[in-house]
Amino acid sequence: MNDNTLSSFLESYAGSGTARLHMPAHKGKPVIGCEEYDITEIKGADYLYEGKGLIGESEKRMASLYGTGRTVYSTEGSSICIKAMLGIIRTVSGRLRVLAGRNCHKAFIDGCALLDGEVTWVYPEKRARSVCSSFITPADIEIKLSEEDFDCVYITSPDYLGFMADIKGISAVCRRHGVPLLVDNAHGAYLRFTEPDRHPITLGADMCCDSAHKTLPCLTGTAMLHFSDSCPDTFQEDAKRIMSIFGSTSPSYLMLMSLDRCSLMLADGSLRKRIKETVRRVSLCRERINACGFSTVGDEPMKITVDASASGMTGDALADKLREHGIEPEYSDPLYTVLMPSAMTGEDDFSLIERAFSEIKADKGQVPELPSPKPCEKILSIREAMFAPCEEVPSDKASGRICARTITGCQPAVPIAVSGEMIDTDTIRLLKAYKIKSVFVTVKGENL
Ligand SMILES: Cc1ncc(COP(=O)(O)O)c(C=O)c1O
C-alpha cells in the first residue's frame, strides 16, 4: 500500500503516542472506539478547503479514477456539494436562474433560498406516480431552453426509486445551448465502475455530486463534488472557496480517511471488481423476486425497487413483511419498497431477500393511487417565503395559503410543495397521501 497517503498519516499518528494538545477533546482515547483517527487539521494533515497536501493527493487519485477534471471531498454529504454547485453558477453568472426537475432533494431548495435562486420546474408529459421521480427527456429540456434563458440545468439522476434520466441526451442539448448541466448523482457514485460506465461526468455533465456513503463502503456524510474536464476553469478554481462558505471549519478526518481508503480500494481494483459482481448479483436477485410474482422497477443497476402496488399491497406493508424476515429496507411509501445492496452485501443477505419474497404473500388490500405532482402557482420567491414569518396549520386547512417551509417527507426529502408556492387542493391530496398532517405557511397580511 502507498505509504504517502492520508490513511497512512492517520495510522502513523495514531501509533506515535504524540501528546494531542489540539482538538478534538477526546484526545484519541476510545469513547466509541474510532477516536484515534479522529484528528483536526494539524501540521501534515492538510486542510480540507485548501487541499494542497495529503487531502489534495487523495482527491487527485479519486479524480483520476473518475476521469474528472477535478474532484473535491465533502464531509457534509452531497447536501453541501449541491449548494456549492449552485454557488459556483451564481458566482460565474452573477445570478441563478435554474431549469430543474421537480424530483430534487431538499438541499437544492435550501441552496436556492440561500443564493436567491429562481427555479423553473420541468413537468414532463409522462407523469411519474411518485414525487421521487420525474421522467424528464432531452426534448423537454430542448423546449425550455429554446423558450427562455437559464444559467444552468439541474437534474436528479438516479432518483430515490432507481430511475435514471438520459444524461447523455440532456447534456448534448445543454451543450448546444451553452448552458451548464449539473447532476445530483447522490445515488450513483458507483456508476463510474459499472459496464458500461454510466457516471454523469462520463455522459457529459459539467458538475455532479456523489454521496460516497450511499453506494460505496464509506462513512455516512462522505461525498464528492466532480467537475468535468471540459467545464470552465472558473468552476473548478472556485470549488473549495464556495464549499467552505457552506461547510464547517472542522471537517471530520474519520470521513476523510474513509474516502481515502475507498480511493485506494478503487485504485487497486478490488472494489471495482466487487461492484461489477454486485451489479450482476442484483440483476439475478431482481429476476428471482419477479419470478415470485412481484414487480421490480427502475433501471439503476444496484438498487432493488419493488412496485408493491402491482401486487395489491402497499410499499409500507411490504416493508413491514420484510422486517419480519430480518430485512430493513432503505425506504417505503404507499407504492414502493426500496432495497439498497452494495459491494459489501454478502451472498447470505441476497439469499435472505430471495427467501423472504418467496414466502411473502401479497395481502391484496387497498392501494391508494398517489396524485401526480402538478405545477403550482408561484407567489413569492423561495428565499422570500423560506425566511418569512410563518405559522403551522393543519394540512387540510392550508388551501389558498403560501408555503413557507418547503414540505418534504422526512425521507426521501423531495418537495411536495416548495416555499413560495400557493397550496391548492391538489397539493393537499398529495400531503394526505404522504401522511403529512401540518404545514408551515406564511402569516397572512405580513408585508413581504
Ligand atoms: C437524491 C438525493 N440527493 C441528495 C441527497 C443528500 O445527500 P447527503 O445525505 O449525502 O447530503 C440525498 C439524500 O438522501 C438524495 O437522496
Side-chain angles (χ1 to χ4, degrees), residues 48 62 71-87 98 100-114 119 121-122 128 130-136 153-165 167 181-191 198-200 205 207-226 242-243 246-248 251-252 254-256 258-259 262 298-300 302-305 328-333 336-340 342 373 406 408-416 418 434:
L48 176 58
M62 205 63 113
T71 292
V72 298
Y73 286 167
S74 157
T75 57
E76 292 170 77
S78 279
S79 297
I80 191 179
C81 302
I82 291 169
K83 290 171 195 141
M85 289 195 282
L86 297 173
V98 192
R102 178 72 176 201
N103 59 333
C104 63
H105 184 263
K106 168 187 181 300
F108 171 75
I109 309 288
D110 293 341
C112 288
L114 293 169
V119 185
W121 302 108
V122 187
S130 155
V131 291
C132 298
S133 296
S134 172
F135 301 125
I136 294 177
V153 170
Y154 181 92
I155 302 287
T156 301
S157 173
D159 67 34
Y160 213 94
L161 300 178
F163 291 98
M164 295 177 67
I167 297 297
L181 173 62
L182 283 44
V183 177
D184 173 349
N185 182 51
H187 286 252
Y190 72 100
L191 290 171
R198 298 181 75 184
H199 193 265
M207 293 187 261
C208 83
C209 64
D210 297 3
S211 292
H213 67 95
K214 292 194 201 307
T215 60
L216 298 173
C218 290
L219 293 179
T220 299
T222 52
M224 295 172 270
L225 173 55
H226 300 291
I242 303 274
M243 290 279 272
F246 298 108
S248 162
S252 158
L254 290 178
M255 292 187 197
L256 292 170
S258 174
L259 283 162
C262 179
D299 41 11
E300 193 212 302
M302 219 155 69
K303 202 169 253 164
I304 301 174
T305 301
E328 184 59 38
E330 162 63 26
Y331 170 72
S332 68
D333 66 19
Y336 302 106
T337 309
V338 178
L339 306 178
M340 285 181 73
S342 82
T406 292
T408 67
C410 140
Q411 242 183 339
V414 174
I416 292 169
V418 171
Y434 283 95

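Atoms within a ligand are numbered from 1 in the order they appear, just like the ligands themselves.
The closest side-chain donor-acceptor pair between Asp159 and Ser133 falls under 3.5 angstrom. There is a side-chain donor-acceptor pair under 3.5 Å between Asp210 and His226. Of the N and O atoms on the side chains of Tyr160 and Glu300, not one donor lies less than 3.5 Å from an acceptor on the other residue.
In terms of heavy-atom proximity, Ala223 sits nearest to Cys81 at CB-SG, 4.2 Å. The two residues Ser157 and Phe163 make their nearest non-hydrogen contact at OG-O, 4.5 Å. Summarising the geometry of Asp299 relative to Met164, their closest heavy-atom pair is OD1-N, 2.8 Å, with the distance given to 0.1 Å.
When only non-hydrogen protein atoms are considered, atom 8 (P) of ligand 1 lies nearest to Ser78 N, 3.4 Å. When only non-hydrogen protein atoms are considered, atom 9 (O) of ligand 1 lies nearest to Lys214 NZ, 3.4 Å. Here the heavy atom of the protein found nearest to atom 12 (C) of ligand 1 is His105 CD2, 3.2 Å. For atom 11 (O) of ligand 1, the closest non-hydrogen atom of the protein is Ser79 OG, 2.6 Å.
Residue-level proximity to ligand 1 for Ala186 is carried by the side chain, the only part with a heavy atom below 4.0 angstrom.
Asn103 places a side-chain N or O within donor-acceptor distance of the main-chain N or O of Cys132, the cut-off being under 3.5 Å. Listed for the Tyr331 side chain is no donor-acceptor partner under 3.5 Å among the backbone atoms of Leu161.
The Ser211 neighbourhood of ligand 1 comprises atoms 7 (O), 8 (P), 10 (O), with distances under 4.0 Å to a heavy atom of that residue. Residue Ile82 has at least one heavy-atom neighbour below 4.0 Å for each of these atoms of ligand 1: 4 (C).
Considering both main-chain and side-chain atoms, Thr156 never comes within under 3.5 Å of ligand 1 through any nitrogen or oxygen pair. For ligand 1, the polar-atom distance check against Asp184 finds a nitrogen or oxygen pair separated by under 3.5 Å. Between His187 and ligand 1, at least one N/O pair is under 3.5 Å apart.
Remark: distances from the non-hydrogen atoms of Asp159 to ligand 1 are all 4.0 Å or more. The closest approach between any non-hydrogen atom of His213 and ligand 1 is below 4.0 Å.
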